[in-house]
Amino acid sequence: MIATASQLGELLPHIESVERVALDTEADSLHSYREKLCLLQISVKGLDVIVDPLVRIDFSPLSDALEQKEIVLHGSDYDLRLLRRNLNFIPRQVFDTVIAARLIGLREFGLVALVQRYFGIELTKTSQKADWGERPLPRRMAEYAINDTKYLLPLAERLEIELNSRNRMDWFRQSCRRALEQATIDRARDLDEAWRISGAGALSGQAAAVLRALWNWRETEAEAVDRPPFHILQNRELLGSAEKFVAGKVPDYRHFSERRRRKFQEAGQRALELPEAEWPIKRRGSGKRPTAEIVRRIEQLRAKRDRAAKSLELEPSFIASRGTLEAVAADETRADSLLVPWQQELLSIPVIKHRQAALSDQHRS
C-alpha cells in the first residue's frame, strides 16, 4: 500500500507513461457518519497498487498526473463524486465500463459478470461491507480491493472493440461526458424532507412530528459518535417509536446508555407537545392528471423507444426510463438535460443544445 510521499513519487512515472489509468475507490459509509475515501485502487499496464488516502501527505501531484489521463471506471458516478469531494480531482475524460457493456446490449453488467464473461475468472465479493478504514488493511481485503481495477484496462479494450463493431463509440463518448458532467453537480440534502423515510407517509400528523424529532435526534447522536445513523436506531424502529409515543407507550431501548435514553425520550416528548400548526404537512402529489395530449405523447415516445431497443438489442430503460418519457412528454425542453443526443435522436426529439454546440464549433473553426 502506498502510504508515504516517496512511495507516491515512485508511482507517478508509471501513470505519466500511459494514456489510460483504471481507478476504483472504497469508502467507509457503513462505518462512520460522514463518508470518507479510505482506499484508492490504481491499475496501469503491468502495475496494480493501492493508495492510502487517509495518510497525511500531499496528493495533489497524483491528482495532477491523473487529470491528463483517460480514467477507466466501473460505474463512474459514485467514484467520481468521492474523488471530487476528497481529492478535489475531476478527470477530463472517463471510460465507464458499465455504460459500455449496456451499450453493446449486455444485461449482466456487474464487474463479476463481465470478468467472468471476458476472461473466465470468478471474482469473490466477500469484503463489500468491510470497514475500509481499518489499518493495517487485512490481506484478503487488499486482494479484494485490487481486483476491482486489475481487469478494468483489458476489459475496456474488449468493450471498445465491440462498441466500434456496432458503430456506437460516439454514443458511448456522449454518455460518458454526461456522466462526468452529472458528477460535478452537488446533490443538496433537503433536511426538511430527509426525515421522510420509507413508511413515513402512513403516519398521522402528530406521529409524523414525533418521527421528525426522533430522526433529528438520531442524526445528532450519530454525528457525535461518528457512526452511521442506522447504528443508533434503524428506520423501522424509528417508525415504531413514533407510533408508540403517540399511543402513550414510551419506547425503552435497554441497549441505550442512560444519557442516550433520556435524550431520546425528551425528543419524543417535545414533539408530542407541539401545536398542530407545527406538525409536518402531509406530502401530496402534484394532484394534476396528465392531459390526453400528454398521455398520447408518452405512448408515442414509448413506442419509439421500444422499437429502437428491440432493433438495437438494448434495454428500453437504458434509452429512456418511464419517468424520463413522462417528463419529456410534458415538457420537451427538458429532453436536453435528461437525455444525451443519441437517446434524443432515437426518440426523434430535436437535439437543440447539441446542434447549437456543433454550430458554435463550426463558427469558431
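One-based numbering along the sequence shown.
Under the 30°/60° scheme for interplanar angles, the aromatic rings of Tyr253 and Phe256 are found to be tilted.
Rounded to the nearest 0.5 angstrom, Leu325 CG and Glu299 CD are separated by 9.0 Å. Here the CG atom belonging to Leu40 is positioned 9.0 Å from the CZ atom belonging to Phe89, to the nearest 0.5 angstrom. Note that NZ of Lys282 and CZ of Arg196 are 8.5 Å apart. Values are rounded to the nearest 0.5 Å. Considering CG of Asp148 and CG of Leu39, their distance stands at 10.0 Å, rounded to 0.5 Å. Here the CG atom belonging to Asp24 is positioned 12.5 Å from the CD1 atom belonging to Ile71, to the nearest 0.5 angstrom. Taking CD1 from Ile146 and OG1 from Thr149, the interatomic distance works out to 4.0 Å, rounded to the nearest 0.5 Å.
There is a side-chain donor-acceptor pair under 3.5 Å between Gln174 and Asp170. If you check the side chains of Glu26 and Tyr144, you find no donor sitting under 3.5 Å from an acceptor.
A salt bridge is defined here as a Lys NZ or Arg NE, NH1 or NH2 lying under 4.0 Å from an Asp or Glu carboxylate O, and Arg81 with Asp77 meets this definition. Using a 4.0 Å cut-off between a side-chain N of Lys or Arg and a carboxylate O of Asp or Glu, Glu258 and Arg262 do not qualify as a salt bridge. Salt bridge status for Arg168 with Glu313: absent, with no side-chain N to carboxylate O gap under 4.0 Å. At a threshold of 4.0 Å, the pair Lys249-Glu243 does not count as salt-bridged, since none of the basic side-chain nitrogens sits closer than that to a carboxylate oxygen. Note on Arg20 versus Glu160: salt bridge recorded, some NZ/NE/NH1/NH2 to OD/OE distance being below 4.0 Å. Under a 4.0 Å N-O distance rule, the pair Glu35/Arg85 qualifies as a salt bridge. A salt bridge links Arg296 with Glu293; the closest basic N to acidic carboxylate O contact falls under 4.0 Å.
Under the 4.5 Å side-chain criterion, counting only non-hydrogen atoms from C-beta, Asn235 is not in contact with Phe230. The side-chain heavy atoms of Leu346 and Arg307, taken from C-beta on, include no pair separated by under 4.5 Å. Side-chain contact between Leu106 and Arg117: present, with at least one pair of heavy atoms (C-beta onward) separated by less than 4.5 Å. Residues Glu219 and Tyr33 meet the side-chain proximity criterion, which asks for heavy atoms closer than 4.5 Å. Between Leu23 and Leu83, some side-chain heavy-atom pair lies under the 4.5 Å cut-off. The closest side-chain heavy-atom distance from Leu159 to Tyr118 is below 4.5 Å.
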Would you tabulate the side-chain donor-acceptor contacts of residues 12-19 under 3.5 Å, counting partners in other chains and residues two or more places apart, or write 'none'?
{"unit_1": "Ser17", "atom_1": "OG", "unit_2": "Pro13", "atom_2": "O", "d": "3.4"}
{"unit_1": "Ser17", "atom_1": "OG", "unit_2": "His14", "atom_2": "O", "d": "3.0"}

**Asked** For Leu272 and Val246, what are the C-alpha separation, side-chain angles and deciding distance, and is it a side chain to side chain contact (heavy atoms under 4.5 Å, CB included)?
**Response** CA-CA 7 Å; Leu272 287 176; Val246 173; 4.1 Å; yes

**Request:** Kindly determine whether Arg322 and Arg302 satisfy side chain to side chain contact (heavy atoms under 4.5 Å, CB included), including the steps that lead there.
**Result:** CA-CA 8 Å; Arg322 175 73 184 187; Arg302 183 192 59 77; 3.9 Å; yes

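Taking the six-membered ring where the residue is Trp, the centroids of Trp342 and Trp171 are separated by under 6.0 Å.
Other residues, nucleotides and ligands contribute only 12 or fewer heavy atoms inside 6.0 Å of the CG atom of Asn88. Around the CD1 atom of Ile185, the shell of radius 6.0 Å holds more than 12 heavy atoms that belong to other residues, nucleotides or ligands. Counted within 6.0 Å of CD on Glu108, heavy atoms from surrounding residues, nucleotides or ligands total 12 or fewer; the atom is thus considered open.
The two atoms that bring Leu339 and Gln344 nearest to each other are O-NE2, 3.0 Å, heavy atoms only.
Shown here are the side chain to side chain donor-acceptor pair (under 3.5 Å) partners of Arg107, two or more places apart in sequence or in another chain: there are none. Applying the side-chain contact (heavy atoms from CB on, under 4.5 Å) test to Glu221 and every residue at least two apart in sequence or in another chain returns Trp217, Ile232, Arg259, Arg260, Lys263.
The backbone N or O of Arg212 sits less than 3.5 Å from a side-chain atom of Asn216, completing a donor-acceptor pair. Between the side chain of Gln41 and the backbone N or O of Ala145, at least one donor-acceptor pair lies under 3.5 Å. A distance-only check finds no donor-acceptor pair linking the side chain of Arg305 to the backbone of Ile319 [under 3.5 Å]. Gln182 places no side-chain N or O within donor-acceptor distance of the main-chain N or O of Ala179, the cut-off being under 3.5 Å.
Residue Val328 is tested with Leu338, Ile298, Asp336 for a side-chain contact (heavy atoms from CB on, under 4.5 Å); the sole match is Leu338.
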